[in-house]
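I have placed the structure first, in the form of structure tokens, so that the comments after it can refer back to it.
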Amino acid sequence: MSQIPKAYSPQAAEDRWYETWSAEGFFAARDASDRPAFSIVIPPPNVTGSLHMGHALNATLQDVLVRWKRMAGFNALWLPGTDHAGIATQNVVEKQLAGEGTDRHRLGRADFIKRVWKWKEASGGQIIRQLKRLGASCDWPRERFTMDEGLSRAVREVFVRLFEEGLVYRGSYIVNWCPRCHTALSDLEVEHEERKGKLYFVRYPAADGGPGVEVATTRPETMLGDTAVAVHPDDDRYKGKVGLVLALPLTGRKITVIADPAVSPEFGTGAVKVTPAHDPADFEIGRRHNLPEITVIGDDGRMTAEAGEAFAGLDRVECREKVAAALSAEGLLAAAQDHLHAVGHCYRCKTVVEPLVKDQWFVKVAPLAGPAIEAVESGRIRIVPRNWEKTYFEWMRNIRDWCISRQIWWGHRIPAWYCGDCHGERIRLMGRWGDGGTGKTSTTYTQLRTNGLSHEKIVGDMGTLIVDRDVPAVVSREDNPACPSCGGRNLLQDPDVLDTWFSSALWPFSTLGWPDKTPALETFYPTSTLVTGFDILFFWVARMIMMGLKFMGDVPFRDVYIHALVRDAEGRKMSKSKGNVIDPLDIVDKYGADAFRFTLAAMAAQGRDIKLSEERIEGYRNFANKIWNASRFVLMNVPPDLSTRNLTRETLRAGTLADRWIVSRLNAVAAEVNQALTEVRFNEASAALYHFIWHEYCDWYIELAKISLFGEDASAKRQTQTVLVMVLETTLRLLHPFMPFITEEIRQALPPLCRTQSPRGETIMLAPFPAPDGSLIDLQAEAEMSKVMGAIGALRTLRSEMSVPPSLEVTAVFSARDENVAALLGEHGGEIARLARCRPEIGVGLPRPSKSAVQILPEMEVYLPLEGVVRIEDEIARLGKEAEKVDKEVFGLAKKFENPDFVSKAPPEVVENGRARLAELAEKRQKIGESIARLSEIGREPS
RNA sequence: GGGCGGAUAGCUCAGCCGGGAGAGCGCUGCCCUUACAAGGCAGAGGUCACAGGUUCGAUCCCUGUUCCGCCUACCA
């Protein structure tokens, strides 16, 4: 007899089992193995971050897959790790410094980076600990970090090779600049948001004082940097104006009207002011027409000296007002109307980004995109759900070059150097010299050397440097390369670091040891499945595919499973800045990891977002408790020396109806779960398990088992015990990937000879995942059971509707349609008696007792004698309602048959089905009518 | 502007290849029946957003409309 407690309490079990699994090395995959490989690399979370709902969902789904495959006999690897999250992490540490009244420039680059590493060491373990609390079965000794030595080597190798092939280049282009983070951003890192603004109509007079051109703009402050006005070449309104010289208001600069097809005649006035230095579209036009690029907005988002005395130093937004006012004062502001337009914001700090012309490093993406498109088109990579493929293609086909340099310090330093000896005049540095350490003024390298500073001193104290764009870069796999032209060693490394996503793009192979040829790489690449959210489909997935194909010559993964985003009540992404986050760990504390995991899996329907509700989690907590108590019951009713070892197909097929039924259902569910997991339909797998455990095993099988468990027949009892435990044990294994802790906890309490053995260790984790045995699917048993269940249900309904107390044992009449049904019911009279709490009278065409309530089933009629327990009128009313229901269905069905086409064109089995149903309904309706008539008669007699 | 998705029970959502509408929670009634009140048994509740079309038959396929969400975009 077991002593386990009445309610399941997750905490203790979770800690204990995770500890054990980990210590025993059950999570470990083998670099070399006879078994087929299954591998997943985790989408690396931000190292200094903490677990949010998205991570929890992501990790749960991966763990379900890995645990499933591991049990199914695969050499399963789930490789964990974290990401250095350049801008985000740097921002955190900079905020700390600000709190201490200092900044990174005073600290200097080297000390700043030390400081970030310190922060990483201090806080970096958090998210990993949190993943463990969810039960994540990662191979922890293989944990990697994007800034690891090995991964850094991979990053450098890739950069150098791409540079050598001309796929990485340095150039001066317009980029998205965050004036707060002080760095360039890739197009993807800019979030567009609709903002209410104004569309200003401004008159630009001709230089000769004649009629000029009116332009429309949302950003009047940029006019200070205008170097042309453009119109569409085919726009008749402006045919005569092309070539006209205008006097740019407020500055007096002479600018020309040019024609360019990029201008859309429909918008505004059809004439657009061109500011090549501050607008991406204008930049393109400017380059096409060789226009000057006048920078009027600086790195800090304030107007530069070029903007003119009246505006220099003003913030962009302030300046907008001032310019509008100034134009208005000169009578040049024709109109200002409300206008809705998309404004780019920094994805990190939400500051409005400023397009600026900057020297940056880029990846030429088009040559890499081609094969990446082909890989998905050909099906070598399968994206699930399929509809994401379209989004993927759309983006890949319109892809633009990727700006990979970031003007921050935390990240992979770009392996490019500039020779101070050859080009010292054209390299300007900012650092902790000469200006009190603010790092705000710059000096040329040559000047610093002349002033007596050593090269080492300069490098050590360097904050950043500005290199003329024609100074050649020396790109090298090794640090401190020699200058290829002068052979000197006085080279200065490019101050920029790489976009974090550059290193993430290599994740599926860099984590397995690349560029070395390791056994792990051999075994686990390509990985099997990538599980991720659609929000990083472009950021990460697409880039991994490009890099994997380029450097491994093969796709990085076979399947990409795109899961939903966990959103808040209003359907918005949860984010710290919005303050709408629910901490997954709070949920784990409150309801247990198993309940939480099961909830996430159950809600992970393909293609739909998850709006998480706590009630739902509570429901699955109750489910865990249900399993717990069912197991308690089983353990209380089986001897500790029980064995299921001798249970063969033959003994199972020779079992009782209930045994054959539950075994059949178990195998059907095993088939469903396997199938659903194969198709990554987590919700279907969990729903099948939920229904089977609660509504078949608990509601019916356990109740039926009680008869022989509490009965006299020792051999029947032993047989029931065996099946009871076998089904439970198998179910636990099916459930384990979803609810790892409770399943292990219960399995360990089962009689030792009832546990399916695992190849190594005493754990459910490595025990075989149940494969369905088709020969045990017994449709006849299922059909028979459903008749018995129907009989029991019918009587229960009658009792309930007639308000017959459950404790009152009644006599009930089961009048079968034919001998077969009567025999079946007769055989299971004991079951009917117990589960419906009655003395059953069973036979064919039994007479109906007077004053009885009736349920009419296809196979039988069930009578409950009322004997003054219930008022006859109640039963008449109830039957009246039922008759209405039947009439409604008959009406619908009859309409179908009125249509001759239905009979001739519909498949025969559908027609036959309909006919049978109609006949059934007609008979039922007639019997109800008879019952009502009889009861009405009786009702008139004195009772 | 382009693309994608959603609208099904009071709430949150399933519903794979068109053929008798489901779950969880909530609600109603009865019940502490020796696994479980985090429970048992029974029940109420839906013109499957709207309008057309295809079909013998549409929640499901097609077209359009309305509302909502998301992604993407150089109409300033």
Side-chain angles (χ1 to χ4, degrees), chain A residues 6-8 174 187 192 199-200 215-219 222 230 262-275 279-285 339 341-342 355 387-388 390-391 394-395 398 534-535 537-538 565 567 570-573 599 602-603 605 607-613 615-616 618-637 676 679 681 683-684 687 690-691 698-699 702-703 706 710 793 796-801 803-807 834-837 889 892-893 895-896 899-907 909-911 913-914 917:
Chain A
K6 211 168 162 177
Y8 174 59
I174 197 152
D187 295 341
H192 289 91
L199 186 62
Y200 299 87
V215 299
T217 180
T218 55
R219 299 194 61 195
T222 63
V263 181
S264 83
E266 292 77 31
F267 189 87
T269 61
V272 61
K273 57 190 267 324
V274 181
T275 322
D279 181 279
D282 294 4
F283 177 81
E284 300 288 338
I285 295 174
H339 183 67
H341 62 136
N387 42 317
W388 286 106
K390 201 168 173 180
T391 310
E394 194 65 29
W395 188 71
N398 298 304
F534 62 80
D535 51 330
L537 181 62
F538 306 142
L565 243 45
R567 297 179 181 279
E570 291 150 52
R572 294 178 313 176
K573 273 166 91 165
T599 307
M603 295 182 85
R608 189 141 177 169
D609 287 342
I610 294 177
K611 280 194 231 166
L612 201 63
S613 76
E615 292 78 31
R616 196 76 188 265
E618 198 180 331
Y620 290 117
R621 188 270 317 264
N622 296 351
F623 176 53
N625 194 51
K626 185 76 181 177
I627 297 165
W628 181 255
N629 279 293
S631 304
R632 255 182 84 223
F633 171 80
V634 173
L635 290 169
M636 284 160 60
N637 287 286
E679 292 170 9
R681 297 180 183 276
N683 59 320
E684 287 177 14
Y690 183 94
H691 184 262
C698 292
D699 286 353
I702 286 184
E703 293 306 320
K706 283 176 182 172
F710 302 158
R796 282 171 170 177
T797 303
L798 285 177
R799 296 184 74 114
S800 178
E801 304 247 314
S803 301
V804 176
S807 47
R834 184 179 173 94
L835 268 62
R837 195 165 289 220
E889 201 181 334
L893 220 53
K895 228 169 79 180
K896 271 189 180 181
N899 183 342
D901 286 337
F902 173 67
V903 182
S904 58
K905 292 188 183 170
E909 68 268 22
V910 172
V911 177
N913 251 340
R917 178 70 182 156

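First the proteins, then the strands, lettered A, B, ... as listed; each starts at 1.
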Can you tell me if the side-chain N/O atoms of [X] get under 4.0 Å from OP1 or OP2 in [N]?
X	N	answer
A/K706	B/rA35	yes
A/K390	B/rC4	yes
A/T275	B/rA76	no
A/N629	B/rG39	no
A/K6	B/rA37	yes

Which part of the nucleic acid does [X] contact within heavy-atom distance under 4.0 Å: base, sugar-phosphate only, or nothing?
X	answer
A/A342	base
A/E284	nothing
A/N625	base
A/Y690	sugar-phosphate
A/V263	base
A/P907	base
A/D699	sugar-phosphate
A/T218	sugar-phosphate

Complement of [N], any strand, by Watson-Crick or G-U distances under 3.5 angstrom:
N	result
B/rA42	B/rU28
B/rC16	none
B/rC48	none
B/rC67	B/rG6
B/rG1	B/rU72

If you only use heavy atoms from C-beta on, which nucleotide in [options] is closest to the side chain of [X]?
X	options	answer
A/R837	B/rU33, B/rG19, B/rC41	B/rU33
A/R796	B/rC41, B/rC75, B/rA35	B/rC41
A/F534	B/rA76, B/rA38, B/rC70	B/rC70
A/M603	B/rA38, B/rU12, B/rA76	B/rU12
A/A7	B/rA35, B/rA76, B/rA38	B/rA38

How many whole angstroms separate atom [atom1] of [X] from atom [atom2] of [N]?
X	N	atom1	atom2	value
A/I285	B/rA76	CD1	C1'	9 Å
A/F633	B/rG40	CZ	C1'	14 Å
A/R681	B/rA23	CZ	P	21 Å
A/E618	B/rC36	CD	P	20 Å
A/F267	B/rC74	CZ	P	15 Å
A/L537	B/rU72	CG	P	10 Å
A/I702	B/rU33	CD1	C1'	15 Å
A/F538	B/rC70	CZ	C1'	12 Å

Problem - Polar side-chain contact A/R621-B/rA38 base: donor and acceptor under 3.5 Å - result: yes
Handout entry: Donor/acceptor link under 3.5 angstrom from A/E394 side chain onto base of B/rA73
Key = no
Given the [atom1] atoms of [N] and [M], what is the spacing between them in whole Å?
N	M	atom1	answer
B/rG3	B/rC11	P	32 Å
B/rU59	B/rA9	C1'	14 Å
B/rC60	B/rA49	P	8 Å
B/rU28	B/rU55	C1'	42 Å
B/rA51	B/rA58	C1'	15 Å
B/rU12	B/rG53	C1'	33 Å
B/rC13	B/rU8	C1'	9 Å
B/rG29	B/rG18	P	43 Å

Practice task
Would you mind reporting whether A/T218 and A/H339 have side-chain heavy atoms less than 4.5 Å apart?
Solution key: yes
Problem - Validation row: A/R219, A/Y200 side chains within 4.5 angstrom (heavy atoms) - result: no
Treating [X] as the side-chain partner and [Y] as the backbone partner, does any N or O pair qualify as donor plus acceptor under 3.5 Å?
X	Y	answer
A/R796	A/R837	no
A/D282	A/T275	yes
A/R799	A/A836	yes
A/S800	A/T797	no

Completion exercise
Nearest heavy-atom approach of A/I702 to A/A630 is CD1-CB, 3.8 Å
Problem - Residue mapping more 5' on RNA chain B - nearest nucleotide basis, A/E266 or A/F623 - result: A/F623
Handout entry: Which residue lies more 5' along RNA chain B, comparing A/A281 with A/Y8 via nearest heavy atoms
Key = A/Y8
Practice task
State yes or no: are the ring centers of A/H691 and A/F623 separated by less than 6.0 Å?
Solution key: no
Practice task
Find out whether the Lys NZ or Arg CZ of A/K626 is both under 6.0 angstrom from the six-membered ring centre of A/Y690 and within 45° of the ring's axis.
Solution key: no
